[in-house]
Amino acid sequence: MAGPPPPPTDDQRRPPKRVETVPGTPFGVVHLDVAPVTSGLAIGALVAGIASALVSLLVICFGVAFVDEGGAWASGAFAVLGVLTGVAAVVIGLLGQRQIRRPVAPPAVRFTGRGLAVAGISCGVAGAVLSLLGLGLALLLALA
């Protein structure tokens with residue numbers, strides 16, 4: 001079993017936000033400042049949005065490069081994946097924004113990462129739209 005954790009370094013120490021004395025005792029209550037945390041939902045939205053955009057490139061590549069070898073089928077399969085990951089990025093990004101916006105009492109953890117959530121939503125929408133456009137292009141080329 002590991003021993004107790006090491007004490008924090010000088011860089012990790014945060015000064016107390018306020019100290020209240022307990023009447024009738026030599027003791028006090030220390031209220032510490034809690035550092036903000038980047039929202040995991042916002043990070044997940046960005047990852048899913050980037051994945052959706054990358055999958056949409058596969059949709060376009062398979063639809064254009066393999067027109068005669070059934071590229072529309074492969075393009076359609078990847079389009080489903082691209083749209084699903086795009087929708088997931090939008091939903092997770094909106095949940096992340098909601099988590100970041102939520103007001104909390106001072107001792108609770110504050111979340112940051114609004115820009116990550118917005119970027120995830122944007123990439124998710126772009127990936128889903130590009131997947132559908134790539135599928136349309138693949139079907140158009142296959143039928144022509």
Side-chain angles (χ1 to χ4, degrees), residues 1-22 27-144:
M1 186 134 217
T9 63
D10 289 336
D11 295 337
Q12 295 173 334
R13 293 179 200 253
R14 299 177 70 81
K17 197 166 193 173
R18 67 177 193 265
V19 177
E20 297 175 359
T21 60
V22 178
F27 302 104
V29 177
V30 176
H31 296 274
L32 298 176
D33 185 25
V34 180
V37 176
T38 303
S39 172
L41 290 171
I43 295 171
L46 183 60
V47 169
I50 291 172
S52 175
L54 292 176
V55 169
S56 72
L57 292 176
L58 282 177
V59 171
I60 295 169
C61 289
F62 276 119
V64 172
F66 301 108
V67 175
D68 298 329
E69 293 88 22
W73 285 101
S75 182
F78 279 107
V80 170
L81 180 64
V83 169
L84 287 177
T85 55
V87 169
V90 170
V91 169
I92 294 171
L94 291 173
L95 289 174
Q97 282 186 333
R98 181 178 175 193
Q99 181 186 41
I100 293 165
R101 253 192 335 256
R102 186 179 306 147
V104 293
V109 175
R110 295 181 318 260
F111 289 100
T112 61
R114 184 176 182 276
L116 293 173
V118 170
I121 292 169
S122 302
C123 288
V125 168
V129 168
L130 284 175
S131 291
L132 292 175
L133 289 176
L135 178 60
L137 176 66
L139 292 175
L140 184 69
L141 289 176
L143 296 176

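Nothing fancy with the numbering, it's 1 onward along the sequence.
Put simply, the residue from Thr85, Val83, Leu84 that forms a side-chain contact (heavy atoms from CB on, under 4.5 Å) with Leu81 is Thr85.
The CG atom of Leu58 lies 9.5 Å from the OG atom of Ser75; values are rounded to the nearest 0.5 Å. Note that the OG atom of Ser52 and the CG atom of Leu130 stand 8.5 Å from one another [nearest 0.5 Å]. One finds the CG atom of Leu46 at 11.0 Å from the CD1 atom of Ile121 (value rounded to the nearest 0.5 Å).
Of the possible polar contacts, none joining the Thr38 side chain to the Thr112 backbone as a donor-acceptor pair under 3.5 Å is found.
The minimum heavy-atom distance linking Ala72 with Leu135 is given by the pair O-CD1, 4.3 Å. Closest non-hydrogen pair, Gly49 versus Ala89, comes out as N-CB, 3.4 Å. Among all heavy-atom pairs drawn from Ser56 and Gly127, the shortest one is CB-O, 3.4 Å. Closest approach of Gly93 and Ala117 over heavy atoms only: O-CB, 3.7 Å.
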Checklist entry - What do the steps show when you test Val109 against Val104 for side chain to side chain contact (heavy atoms under 4.5 Å, CB included), and what is the final call? => result CA-CA 8 Å; Val109 175; Val104 293; over 6 Å; no

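Every side chain to side chain contact (heavy atoms under 4.5 Å, CB included) that Ser39 has, sequence neighbours left out, goes to Leu41, Ala42, Gln99, Ile100, Phe111. For the ring-ring contact (aromatic ring centres under 6.0 Å, His included) test, residues two or more places apart in sequence or in another chain that qualify with Phe62 are Phe66, Phe78.
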